[in-house]
Structures are given as structure tokens and as C-alpha cells.
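Take a look at the structure below.
In what follows, every chain begins at residue 1, and chains take the letters A, B, ... in the order their sequences are listed.
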Amino acid sequence: MNSRTNLYRAGALLLPGLPTLLAALTTFVLFMLFLLLQGKPAWQACQLVVQGAFGSAFAWENTLQRAAPLMLTALCVALPARAGLIIIGGEGALVLGGLAAAVTPLWLPAMPVSVLLLCMALSAMVVGGFWIGLNGWMRQKRGLNETIGSLLLSYVAIAIFNQLVEGPLRDPASLNKPSTIALDDSVMIGPISDAFQVHWGLVVGVIACILAQVLVRNSVTGFSLQVVGGNVRTARMIGLPVDRLVILTCVLGGACAGLAGMFEVAAVQGSANAAIIAGYGASGILVAFAARQNPLAIIVCAILLGGIEASGSLLQRRLGLPNATTLILEGILFTSLLAWEALSPRIVAWRLRLNERALQTQGALQHG
Amino acid sequence: MADLDLATFFLALLAGAIRVGTPFIFVSLGECLTEKSGRINLGLEGILVSGAMAGYAVAYLSGSAWTGVLAAGGTGLLLGLLHGAICSLPRVNDIAVGIALMVLGTGLAFFLGKNFIQPQAPSLVAIGLGGWSDDERVRSALSINVLFFIGVALAFALHWGLRSTRWGLMLRLVGDHAESARALGYRPVLVRIAATAAGGFLAGIGGAYLSLYYPGSWNEGLSSGQGIMAVALVIFARWQPLRCLWAALLFGAAGAIGPALQSVGISAGYYLFAAAPYALTLAVMFITCRPNQTLSGAPGELSLTR
């Protein structure tokens with residue numbers, strides 16, 4: 001072993017991170033440039049983004065609070081993606097799941113809070129799972145494209161939500177902001193601890209991502225899914241239940257999005273109202289693609305995106321920048337992440353070459 | 001009385017079809033052009049919103065609504081160019097890029113448009129066609145914007161262009177089978193970038209219609225998914241410009257059902273009717289799709305239908 005061997009090895013190990021690094025750099029430069037062109041203090045704004053996202057305990061709380069639903073809606077994209085589906089209708093599952101969770105305690109007799117919460121989570125997951133599962137079913141049985149189908153179903157879901165919240169499920173006491181009857185304080189999901197003011201959705205989100213990772217990496221189902229995603233004909237030839245597998249991942253993904261809706265209702269809003277239609281579905285798509293559909297990477301990407309969104313209020317307070325500043329930053333970041341992805345075939349080649357070099361120098365050392 | 005109600009209802013529906021449908025005409029024709037080349041642009045929503053903002057801002061600053069329309073088209077052209085260029089890189093998913101651009105476009109529009117929420121820009125003129133009636137409602141329903149006629153003309157022009165010109169043939173070939181286009185000496189990547197940019201231009205103009213005519217002012221809730229809906233609309237229209245025109249009018253009418261019913265005193269299901277165009281598209285797709293078979297008329301290179 002000499003230092004050159006190690007250098008090659010380290011290079012080969014670090015190469016996959018290159019696109020992400022380049023994307024971060026591009027984003028930084030472009031975002032600075034945009035702010036400078038606007039005559040805004042660009043450097044200070046960048047500092048504030050970091051500070052507002054991760055600079056203090058309060059910032060971290062704010063960030064993680066936003067990251068929780070993003071993890072779950074990202075799973076709604078990433079799980080079906082293993083089977084080769086691009087689902088972009090997570091928002092619909094979130095919204096209807098949230099609504100289901102909000103009305104469950106109203107329709108159930110009195111029972112212990114923990115059981116009640118479990119029922120709420122279950123109903124949110126069933127409704128969300130059904131909604132995205134419907135996409136899987138329509139695709140497998142009718143050949144209806146799941147991307148467009150899920151998009152359309154998402155709009156239908158939002159219309160159903162609005163109709164129900166404005167109509168039969170509306171709390172007469174909610175005057176100019178229609179919502180369902182507010183949840184009792186006892187079923188509201190509190191923070192993880194007094195010192196750490198983030199609701200339990202974060203824990204559930206992280207656990208869901210880890211479970212998803214185990215499912216896709218370490219289980220037979222996960223492997224079967226990968227075969228289905230890789231080549232359907234092969235999958236059918238070796239006798240895999242393709243339809244069932246595809247619909248199953250859609251149901252699981254939808255259940256995650258529904259759960260996100262439940263936490264928005266039971267931990268943040270206190271009732272189902274239009275505030276839960278906040279674009280978590282669309283942000284989840286970005287998180288999933290930035291994480292390359294890898295469940296563990298979703299945790300990191302969701303926290304990053306949550307941080308950017310959380311920094312918005314600080315930018316507004318300190319520099320008077322509009323809220324949309326964070327949207328621009330997000331847009332630039334994800335566009336460049338996706339664009340630099342184009343390097344990945346080359347990186348595979350470069351890695352092979354570096355590994356080869358490492359072996360050569362090692363061999364030369366042994367023989368020489 | 002019932003007769004009058006029915007007449008009012010249909011008049012409101014017709015007016016809605018034209019008023020709400022016009023931006024759909026532009027966005028869907030743009031998306032149709034893009035998809036014909038084998039690419040899909042979900043970023044049209046962002047383009048629509050930034051086109052609306054740019055159009056309004058420029059119209060306000062220059063005092064001319066038509067300059068605003070051109071600026072909106074130019075903005076759309078630039079964003080479309082960006083989408084086309086990024087999607088041409090290897091291993092880049094066009095659906096994901098579209099969503100990223102949607103976020104970027106909306107962000108840019110909200111950021112730069114902050115100062116234009118208050119002032120009143122000159123709006124586009126409407127041509128009154130209702131001179132033959134004394135009824136105020138008929139006249140207001142029939143006052144139609146020039147952009148509507150341009151959109152209709154454009155649909156026919158595109159229909160002819162795609163079918164019978166060399167350019168149209170090349171575009172369709174690139175969208176159907178890039179390999180054979182390459183064999184004939186065309187460059188699919190360039191054709192696609194051009195088609196995406198042109199699609200962006202049209203979507204930008206659709207945006208200008210929103211901010212300069214109906215609803216007619218710039219604000220952040222201006223577009224409610226019209227851009228993203230265009231993707232579904234084009235599928236509904238089976239990638240044919242003329243059908244895009246009818247589909248856009250149908251979507252406009254379907255979107256106007258709720259308000260039209262309300263105008264005659266029926267308000268039940270108002271919010272549900274907002275989903276009418278989407279449910280309609282879904283139903284049509286569900287009925288016409290067959291498993292293991294691509295939709296008839298679909299460009300062969302389109303990632304959506306492969």
C-alpha cells in the first residue's frame with residue numbers, strides 16, 4: 001500500500017458525490033447572482049438561509065417540523081418508482097388522508113387516546129393508500145398512464161376535499177376559514193419533548209424511510225420490485241405477480257402520504273382546512289428525485305428542503321425579501337441537481353478507471 | 001322563467017368556455033408542439049405564471065398591452081429553452097425537471113412580481129360581438145378578446161403545419177422515431193429544444209391573457225394549475241392541434257359549470273364542479289386506454305406513453 005493507491009481509492013469512493021457538490025456550487029453562484037442583480041445583499045442572504053435553516057435550536061425545530069411531511073410524501077414517489085412508476089399525485093393522498101384523520105374521532109365513540117390516534121392513522125393510511133393504489137390499478141388493468149392519472153386524481157381529491165369541508169363536514173363555527181370540527185386537545189399530537197419542539201411526525205417519517213429502505217434493499221419483495229422496474233417482461237417470465245406488486249407499492253406510497261396528512265391535521269392545524277393543501281406533494285416529488293429514489297437519502301434531502309423553506313421567514317424579517325425567495329432557491333437547487341445528474345454515466349467510467357489505477361499501483365508495488 | 005334560466009345558464013357556459021378556455025388553447029397548443037417532438041414539459045405551469053407576471057409588468061411599464069404579450073412570450077421562450085436544454089442532457093428525467101422548473105418559474109414570478117400587485121396595467125381590448133342584442137348579459141358574454149381569435153387561427157395553422165409542411169413532418173418524425181430522423185440527417189436534440197422553446201412561448205402568451213384580460217390583474221393566485229392541466233388536455237386531444245382547440249373550450253366550459261349553475265341559483269356541489277375537467281379527462285382516458293397498448297396518435301418517443 002502506498003499513498004497513491006490510497007489516493008485513487010479515496011477518489012473512487014468520493015466520486016459519486018461529485019454531482020451533488022457541483023449542484024450545490026452552481027446553486028450558490030446562481031442564487032448569489034440573482035440577488036446581486038436585484039441589488040440585494042446576496043452574501044448576507046446566503047448566510048441567513050444557513051442560519052435560518054440550521055443556525056439555532058429554534059431553526060432546527062422549524063426545519064425538522066417541515067421535513068417530516070416531506071419524508072412521507074417523498075416516499076409516495078420513491079416506493080412506486082422502484083417498480084418503474086412515476087407518481088406525482090401525492091398531494092391528493094395527503095389531503096384526503098388528512099381529512100379522514102380529522103373526522104375519525106368525531107365518528108368514533110369515546111375510547112383511550114392512544115387507540116383513537118391509531119384509528120386516525122389507520123384511516124388516513126387506508127384512504128391515502130386507496131387513492132394512489134387506484135392509480136396503480138388503473139395502470140395495470142387499463143394501461144392508463146400513472147403520471148397523468150395521479151395528477152388528475154390529485155385535482156379530483158382536492159375538489160372532493162373542498163366540497164366536503166365547505167359542505168357536510170364543515171364546522172359551523174369556522175366562519176371565514178372553512179374547516180372541519182376542531183380536534184379535541186387530548187388527541188392533538190404534541191412535541192417529542194418540551195426541549196425539542198418537533199411533533200412525532202418526524203419520528204414516524206424517519207422510521208417509515210428506514211422501513212422502506214429495508215423493504216427495497218433487504219426483502220424479496222424489494223428485489224421483485226426491482227425486477228419489475230427493470231424489465232416487466234422478465235418479471236412476468238419468471239412468474240412474479242407483477243400487477244399485485246405494482247399496486248402494493250402504490251398502496252404503500254399512498255399510505256405514507258396519507259399519514260403525512262394526518263400529522264398536518266393532528267399535530268399542526270388541529271382540523272382539516274385548506275391550509276393542509278400547502279404543496280407538500282410537489283416538494284415531495286423534488287425530494288424523491290433529488291434523493292434518487294433512495295429512502296435513506298430522502299431523510300437528508302427532506303431536512304435540506306425543510307431547512308430552505310424554514311429560512312424564508314428570517315429572510316423576510318431581516319432583509320425584507322419576499323417569501324418566494326426560498327422558492328427560487330429551491331427551483332435553482334433542484335434544477336441543477338437534476339442537470340448535473342447527466343454526469344453519472346461518466347462517473348461510473350471514471351470510478352472504474354480509478355479503481356483500476358489503484359489495483360495497478362498496488363500490483364506494481366507487490367511485484368516491484 | 002325556466003326558459004330564461006336555461007338560456008342564462010348556457011350563455012354563462014358559452015362565455016366561460018371562451019373566457020376560461022382561451023389560456024388553455026395557448027398552453028395546450030404549446031404543450032402539443034413540445035410533446036409532438038417527443039418531450040414533455042410539466043414546467044408549463046411555472047412558465048404560465050411567469051409569463052403572466054412579465055406580461056403584466058411590461059404592459060404596466062411600457063403602457064402597451066401588446067408589448068406585454070410579447071414580453072410574456074419571450075419569458076416563456078427563455079424558460080422553455082432552459083427546459084429543452086436541460087432535458088437534452090443524458091440521464092435527465094424530463095418530468096422531474098419540469099416540476100423543478102415549475103417551482104423556479106413560480107418563485108421568480110412571485111419574487112419579481114411583488115411590486116406589480118397594486119398598480120393597474122393597461123389591459124387587452126375585447127371585441128364586442130353582441131351589437132345585435134340589447135341584452136347586457138348577452139353583450140358581455142360575447143365580448144371576446146383578440147387573443148381568442150389568434151388562438152383559434154393558431155390551432156388551424158398548427159394543424160396544417162404539422163400535417164403538410166416539411167417542418168411539421170420533421171417534428172413528427174423526431175417525436176415518433178428519433179433514430180430514423182437521425183438517419184435522415186436531422187438533429188433530434190435541436191428539434192426538441194426548438195419545439196420546447198416554441199411551446200414555452202405559447203404558454204407565456206397564455207399567461208399574459210390571464211394577467212392582462214381575465215381575471216385581468218397580477219396576483220399570486222392567478223393560475224390554478226392551468227399549465228399542468230395542459231399535459232392532460234393534450235392527451236385528451238390525442239396530440240392533435242384542432243382537437244386541442246375543442247378540448248380547451250370544453251375544459252373552459254366544464255370549469256364554468258359551477259359558476260354558471262350558481263348564476264341560476266343552484267349552488268350545490270359548487271366545489272365538486274371544479275374537478276369536472278379533470279374527472280372528464282380521467283374518464284375518457286380510462287375508457288379509451290387498453291393495457292399493453294399505447295394510445296393512438298401518441299408520439300413514439302414520448303416517455304409518458306412508452
Side-chain angles (χ1 to χ4, degrees), chain A residues 34 38 77 86 88 138-149 151-167 232 243 279 282-283 285-286 288-290 321-346, chain B residues 40 42 46 82-83 85-93 95-97 99-114 220 224-225 228-229 231-232 235 268-282 285-295 303-305:
Chain A
F34 172 77
Q38 294 294 312
V77 183
I86 302 179
I88 59 174
M138 288 194 299
R139 175 186 139 121
Q140 294 310 115
K141 296 296 170 189
R142 301 289 307 185
L144 196 156
N145 175 267
E146 78 285 355
T147 311
I148 295 307
L151 178 71
L152 293 169
L153 267 182
S154 179
Y155 282 109
V156 173
I158 290 173
I160 293 176
F161 177 88
N162 284 334
Q163 183 69 45
L164 290 177
V165 171
E166 296 273 357
V232 179
D243 292 351
S283 306
I285 303 166
L286 293 178
F289 272 95
L321 288 172
N323 252 338
T325 319
T326 56
L327 276 183
I328 295 178
L329 181 55
E330 251 174 61
I332 300 178
L333 176 64
F334 282 104
T335 312
S336 34
L337 269 176
L338 291 164
W340 282 112
E341 190 74 351
L343 269 188
S344 56
R346 295 221 182 132
Chain B
I40 192 161
L42 280 185
L82 185 65
H83 181 81
I86 293 177
C87 290
S88 304
L89 298 167
R91 305 240 319 185
V92 172
N93 183 302
I95 288 178
V97 175
I99 290 171
L101 275 183
M102 183 171 101
V103 173
L104 181 63
T106 329
L108 283 174
F110 288 4
F111 188 102
L112 299 172
K114 202 84 192 163
E220 298 186 349
S224 45
I228 218 165
M229 266 313 290
V231 183
I235 295 177
Y270 178 83
Y271 296 93
L272 220 45
F273 280 116
Y278 317 109
L280 191 69
T281 311
L282 204 60
M285 280 176 74
F286 189 81
I287 293 165
T288 54
C289 280
R290 292 281 174 281
N292 308 321
Q293 194 182 321
T294 53
L295 289 167
S303 59
L304 262 191
T305 48

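- Checked by atom type and distance alone, the side chain of R142(A) pairs as donor or acceptor with a backbone atom of I287(B) at under 3.5 Å.
- If you measure heavy-atom distances from L329(A) to chain B, you find no contacts under 4.5 Å at all.
- Both the backbone and the side chain of T335(A) come within less than 4.5 Å of a heavy atom of chain B.
- In this structure, no portion of E146(A) lies under 4.5 Å from any heavy atom of chain B.
- When heavy atoms are compared at a cutoff of 4.5 Å, I86(A) approaches chain B solely by way of its side chain, counted from C-beta outward.
- Residues I328(A) and F34(A) meet the side-chain proximity criterion, which asks for heavy atoms closer than 4.5 Å.
- When heavy atoms are compared at a cutoff of 4.5 Å, L338(A) approaches chain B by way of both its backbone and its side chain.
- Contacts of L286(A) with chain B are made by side-chain atoms alone, with heavy-atom separations under 4.5 Å and no backbone atom involved.
- For I332(A), the parts lying under 4.5 angstrom from a heavy atom of chain B are both the backbone and the side chain.
- L164(A) does not touch chain B: none of its heavy atoms, backbone or side chain, sits under 4.5 Å away.
- For I95(B), the part lying near chain A is the side chain, with the backbone staying farther off; criterion is any non-hydrogen pair under 4.5 Å.
- In terms of heavy-atom pairs under 4.5 angstrom with chain A, the leader among A274(B), G225(B), P277(B) is G225(B).
- Between chain A and the options T106(B), I228(B), T288(B), L82(B), heavy-atom pairs under 4.5 Å are most frequent for I228(B).
- Most heavy-atom pairs under 4.5 Å with chain A, from the set L272(B), I86(B), T281(B): that is L272(B).
- The candidate with the highest count of non-hydrogen atom pairs below 4.5 Å against chain A, out of V231(B), L101(B), N93(B), is N93(B).
- Within the 4.5 Å cutoff, side-chain heavy atoms of L321(A) are placed close to those of F111(B).
- Partners of F273(B) by ring-ring contact (aromatic ring centres under 6.0 Å, His included), not counting sequence neighbours: none found.
- At least one side-chain heavy atom of Q38(A) sits under 4.5 Å from a side-chain heavy atom of L112(B).
- Partners of E166(A) under the side chain to side chain donor-acceptor pair (under 3.5 Å) rule, at least two apart in sequence or in another chain, are R170(A), Y271(B).
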